Amino acid sequence: MPAKKNTKYGSLTLLGKPVSRYPSAPSAKTIETFKNQYASRRYLIKFECADFTSLCPVTGQPDFAKITIEYVPGDRCIETKSLKFYLASYRNTPSFNEEIVNRVLDDVVAACSPQEALVYGEFAARGGISLSAEAQYTEPVAGVDNGRPTRKSSSVGAKSL
C-alpha cells in the first residue's frame, strides 16, 4: 500500500525519494526548510558532518574536514537530507577552508533566517598544519521593549510551504 503524502511537508523535494546525483555546486537553494513548530521556544539544533570534502583551489587536492553547524531556529528549520546534499556539493568545489565556513554560514542564514548560527570547520592537516575556522551570525536587534531587546522580524531567504 503506497504511503500517504503528507501535505504538511509537501514542499520538501528530496525527503522520501531516491536521488542518485548530488548538486554540482553549492547553493542556498539546495537547503530545504520546514515550519518550526516551536518558534516561540528558544532551542539549539546541531548538525555534524564528519566526512566533509572539498578541493584545494590551488592544487586540486582533496581537503577533508568535520563541519559543525549550530543554529537557533526562527520560523523555519533545515531539513537534514537537503543539508546533506548541499554539503556534498562541495566535493568538486575548489575553495579555501575559510571561504567554505563563511559560505556555509551565509547559505544557512539565507535558507532559514535563524536567530543565531555558528559554523565550525575542523580541517585535516596538510603539510603538517591543521586549520580550524568558525563563523557566527546573530540576528540584528531591532530595539528595546521594557528594557528587553526585541529582534527584528525577517523572512529573507525563508521558503514557504
Side-chain angles (χ1 to χ4, degrees), residues 1-19 22-23 25-54 64-91 93 95 97-124 131-161:
M1 174 180 261
K4 284 173 64 176
K5 181 153 174 90
N6 187 334
T7 58
K8 184 177 179 181
Y9 303 111
S11 68
L12 300 177
T13 63
L14 294 172
L15 195 59
K17 296 178 185 169
V19 182
Y22 290 114
S27 170
K29 293 177 182 178
T30 304
I31 303 172
E32 296 183 342
T33 64
F34 58 91
K35 184 173 176 23
N36 179 5
Q37 298 297 313
Y38 302 97
S40 63
R41 177 181 299 152
R42 186 175 172 81
Y43 65 100
L44 180 72
I45 297 173
K46 182 176 181 177
F47 297 111
E48 293 180 317
C49 177
D51 60 353
F52 179 87
T53 58
S54 62
F64 303 95
K66 177 181 179 183
I67 301 289
T68 303
I69 301 167
E70 297 181 353
Y71 73 103
V72 176
D75 293 333
R76 312 290 301 169
C77 292
I78 294 172
E79 191 278 315
T80 309
K81 186 174 182 181
S82 70
L83 181 64
K84 172 185 166 182
F85 273 66
Y86 168 79
L87 292 173
S89 69
Y90 281 91
R91 288 182 179 163
T93 302
S95 295
N97 303 151
E98 303 87 346
E99 179 185 354
I100 290 168
V101 168
N102 281 282
R103 178 154 182 203
V104 169
L105 178 67
D106 289 346
D107 289 347
V108 164
V109 170
C112 71
S113 300
Q115 294 179 35
E116 295 179 29
L118 179 137
V119 176
Y120 179 74
E122 190 174 346
F123 292 83
L131 180 142
S132 296
E134 178 178 299
Q136 235 177 333
Y137 166 81
T138 302
E139 186 178 60
V141 175
V144 177
D145 182 25
N146 290 332
R148 297 180 59 191
T150 58
R151 298 221 179 254
K152 182 171 69 173
S153 176
S154 173
S155 62
V156 176
K159 296 181 182 178
S160 59
L161 286 177

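Heads up: numbering here begins at 1 and tracks the sequence. What you are looking at is a predicted structure, and each value in this text was computed from that prediction instead of being measured.
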Residues that T80 engages under side chain to side chain contact (heavy atoms under 4.5 Å, CB included), provided they are two or more places apart:
F47
Between CD of Q136 and CD of E116, what distance do you get to the nearest 0.5 Å?
7.5 Å
To the nearest 0.5 Å, tell me how far L87 CG sits from C49 SG.
5.0 Å
Less than 4.5 Å apart, side chain to side chain, heavy atoms only: is that true for S113 and D75?
no
Sorted by chain and residue number, the side chain to side chain donor-acceptor pair (under 3.5 Å) partners of N102 (sequence neighbours excluded) come out as none
Taking salt bridge (charged side-chain N to carboxylate O under 4.0 Å, His left out) as the test, write out the residues that go with E122, two or more places apart.
none
What is the distance from atom CZ of R76 to atom CD1 of I31, rounded to the nearest 0.5 Å?
13.0 Å
Output, in order, the C-alpha distance, side-chain angles, deciding distance and verdict of side chain to side chain contact (heavy atoms under 4.5 Å, CB included) for V108 and Y86.
CA-CA 10 Å; V108 164; Y86 168 79; 5.7 Å; no
Suppose we screen for ring pair (Phe, Tyr, Trp, His ring centres under 6.0 Å). Which residues come up paired with F52, at least two apart in sequence or across chains?
Y90
Look up atom CG in D107 and atom OG in S89, then write down how far apart they are to the nearest 0.5 Å.
8.5 Å
Is any side-chain heavy atom of I45 closer than 4.5 Å to one of I78?
no
Apply side chain to side chain donor-acceptor pair (under 3.5 Å) to Y120 and list each qualifying residue two or more places apart in sequence or on a separate chain.
S132
Where A111 and A28 come nearest, the two heavy atoms and their spacing
CB-O, 4.2 Å
Residues in side chain to side chain donor-acceptor pair (under 3.5 Å) with Y71, at least two apart?
none
Drop me the distance from L118's CG to L105's CG, to the nearest 0.5 angstrom.
8.0 Å
Who are the salt bridge (charged side-chain N to carboxylate O under 4.0 Å, His left out) partners of E48, not counting sequence neighbours?
K46, K66
Donor-acceptor contact below 3.5 Å, side chain R103 vs main chain P26
yes
Just how far is it from atom CG of L83 to atom OG1 of T33, taken to the nearest 0.5 Å?
12.0 Å
For Y43, give me all partners under side chain to side chain donor-acceptor pair (under 3.5 Å), at least two apart in sequence or on another chain.
N36
Specify the closest pair of heavy atoms between S82 and T30, including all atoms of both residues, with the distance to one decimal.
CB-O, 3.3 Å
